[in-house]
Undergrad: 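Quick one: the structure is below, and I'll ask about it shortly.
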Amino acid sequence: MARTTTLKQEFTNLPNIITMFRIAVIPLVLVFIDNASPLRSFIATVIYTAACVSDFLDGWLARRRGLISVLGKFLDPLADKLLVMATLVWMVERERAPAWLVVVLLAREFAITGLRSIASTEGIVIAASEGGKYKTALQMVGILGLIIHFDYTLIGTSVTVNFHLVGMWVLYLSLAFSLFSFADYIRGFGVAVARQAIDRGAAE
């Protein structure tokens with residue numbers, strides 16, 4: 001009974017509510033992305049930006065208020081991956097991103113998840129790398145550019161920015177960080193396995 005109460009409290013604490021909001025708005029972002037309507041894409045941009053901001057807000061609140069929970073540890077990375085993956089796949093359907101790029105980015109995510117599952121069964125914890133954090137930030141910014149999509153003149157200047165092109169270049173940069181961080185995860189896993197084998201040998 002105590003566990004049920006605790007779980008209920010986790011579902012209703014503010015950081016987790018914000019995280020669930022991020023998951024709930026994903027369909028809205030996809031619905032408003034429109035290749036022919038700058039207004040609809042602008043609405044999608046506003047919703048997507050709110051979702052990205054909530055990613056920082058829920059973690060900050062959880063640490064500030066001492067509300068870090070098991071549910072939050074599960075939901076937060078899940079919400080991030082769902083937001084990025086769903087939007088990237090939708091960009092392929094809208095012909096705003098090449099399929100090969102999205103396949104490579106998603107394959108990396110699935111590979112890391114599988115690696116962490118294997119590591120967990122061996123009692124090995126693989127911490128998030130700095131490269132992985134930069135990758136996530138770059139992906140979110142790149143996707144933002146693809147959602148805006150249309151050309152806009154910067155306020156107070158005569159400079160016109162092709163946001164789609166900017167988004168693509170940022171995504172390509174995120175690809176480099178993805179591959180680099182993936183290699184770093186593999187290296188870390190190998191080192192941890194080797195150290196574990198040495199420790200077991202010493203214990204015997």
Side-chain angles (χ1 to χ4, degrees), residues 11 14-62 71-72 74-110 112-113 128 132-178 181:
F11 266 108
L14 184 56
N16 289 342
I17 290 174
I18 293 173
T19 304
M20 289 185 280
F21 157 82
R22 186 156 73 255
I23 296 174
V25 300
I26 293 173
L28 285 178
V29 174
L30 305 184
V31 164
F32 280 103
I33 295 174
D34 193 310
N35 287 351
S37 172
L39 176 60
R40 288 178 62 87
S41 284
F42 175 75
I43 295 173
T45 300
V46 172
I47 299 172
Y48 176 82
T49 301
C52 289
V53 171
S54 76
D55 181 29
F56 298 97
L57 181 60
D58 58 7
W60 179 79
L61 282 173
L71 181 64
F74 168 73
L75 285 179
D76 188 58
L78 175 65
D80 294 343
K81 283 181 170 51
L82 286 177
L83 179 63
V84 169
M85 289 182 177
T87 313
L88 281 175
V89 170
W90 197 248
M91 289 302 170
V92 174
E93 194 277 337
R94 291 293 182 182
E95 298 183 344
R96 294 192 185 187
W100 71 264
L101 175 61
V102 174
V103 168
V104 173
L105 291 175
L106 297 190
R108 182 265 185 200
E109 297 301 326
F110 286 120
I112 292 296
T113 300
K133 294 175 183 178
Y134 292 137
K135 175 270 306 179
T136 300
L138 287 170
Q139 281 183 358
M140 287 185 169
V141 173
I143 291 171
L144 180 62
L146 296 186
I147 294 176
I148 297 173
H149 182 63
F150 297 93
D151 295 357
Y152 288 96
T153 301
L154 297 180
I155 298 175
T157 73
S158 58
V159 178
T160 299
V161 177
N162 183 329
F163 279 93
H164 178 85
L165 185 60
V166 171
M168 283 306 306
W169 278 110
V170 175
L171 275 184
Y172 286 133
L173 184 59
S174 81
L175 174 63
F177 276 94
S178 291
S181 62

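Owing to the predicted nature of the structure, the values given are computational and were not obtained by experimental measurement.
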Undergrad: Between CG of Leu173 and CE of Met168, what distance do you get to the nearest 0.5 Å?
TA: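 Going from the CG atom of Leu173 to the CE atom of Met168 covers 12.0 Å.
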
Undergrad: Roughly how far apart are Thr113 OG1 and Arg108 CZ, rounded to 0.5 Å?
TA: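 CZ of Arg108 is found 8.5 Å from OG1 of Thr113.
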
Undergrad: CG/Asp55 to OG1/Thr19 distance, rounded to the nearest 0.5 angstrom?
TA: 8.0 Å

Undergrad: Measure the CD1-OG distance between Ile17 and Ser54 for me, rounded to the nearest 0.5 Å.
TA: 13.0 Å

Undergrad: Please name all residues satisfying side-chain hydrogen bond (donor to acceptor under 3.5 Å, both in side chains) with Asp34, sequence neighbours left out, ordered by chain then number.
TA: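 Checked Asp34 against side-chain hydrogen bond (donor to acceptor under 3.5 Å, both in side chains); matches are Arg40.
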
Undergrad: Distance check, rounded to the nearest 0.5 Å: Met140 atom CE versus Cys52 atom SG?
TA: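 Rounded to the nearest 0.5 Å, the CE-SG separation comes to 5.0 Å.
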
Undergrad: If every non-hydrogen atom of Tyr172 is compared with every non-hydrogen atom of Pro98, which pair is closest and at what distance?
TA: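 Closest approach of Tyr172 to Pro98: OH-CG, 4.1 Å.
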
Undergrad: Heavy-atom count around Phe42 CZ within 6.0 Å, excluding the residue itself: above 12?
TA: no

Undergrad: Looking at OH of Tyr48 and CG of Leu28, how far apart are the two atoms once the value is rounded to the nearest 0.5 Å?
TA: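 That separation rounds to 15.0 Å.
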
Undergrad: Which atom pairs, donor and acceptor, lie under 3.5 Å between side-chain atoms of residues 85-95 and protein residues at least two apart or in another chain?
TA:
from: Thr87; atom 1: OG1; to: Leu83; atom 2: O; distance (Å): 2.6
from: Trp90; atom 1: NE1; to: Leu30; atom 2: O; distance (Å): 3.1

Undergrad: Thr157: which residues meet the side-chain hydrogen bond (donor to acceptor under 3.5 Å, both in side chains) condition with it, sequence neighbours left out?
TA: none

Undergrad: Using the test side chain to side chain contact (heavy atoms under 4.5 Å, CB included), find all partners of Thr45 that sit at least two apart in sequence or belong to another chain.
TA: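 Testing Thr45 for side chain to side chain contact (heavy atoms under 4.5 Å, CB included), a comparison that skips the adjacent residues, returns Thr49, Leu144, Ile147, Ile148.
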
Undergrad: Among residues two or more places apart or on two chains, list those pairs meeting side chain to side chain donor-acceptor pair (under 3.5 Å) that have a residue in residues 74-86.
TA: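 Sorted pair list: Arg22-Asp76, Arg22-Asp80.
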
Undergrad: Picking from Val141, Ile143, Leu138, what satisfies side chain to side chain contact (heavy atoms under 4.5 Å, CB included) with Ser174?
TA: Leu138

Undergrad: Do you know which two heavy atoms are closest between Phe21 and Ala50, and how far apart they sit?
TA: CE2-O, 4.4 Å

Undergrad: Can you sort out the partners of Phe177 under ring pair (Phe, Tyr, Trp, His ring centres under 6.0 Å), two or more places apart, ordered by chain and number?
TA: Tyr134

Undergrad: Identify the residue among Ile33, Ile26, Val31 that makes a side chain to side chain contact (heavy atoms under 4.5 Å, CB included) with Val29.
TA: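 Result: among Ile33, Ile26, Val31, Ile33 is the only option passing the side chain to side chain contact (heavy atoms under 4.5 Å, CB included) with Val29.
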
Undergrad: Considering all heavy atoms of both residues, which atom of Ile23 and which atom of Ala79 are nearest to each other, and what is their separation?
TA: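 Closest approach of Ile23 to Ala79: CG1-CB, 3.5 Å.
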
Undergrad: So with a 6.0 Å cut-off around CZ of Phe110, is the heavy-atom count from everything else above 12?
TA: no

Undergrad: Would you sort out whether Asn35 and Arg96 count as a side chain to side chain contact (heavy atoms under 4.5 Å, CB included), showing the intermediate values?
TA: CA-CA 9 Å; Asn35 287 351; Arg96 294 192 185 187; 2.7 Å; yes

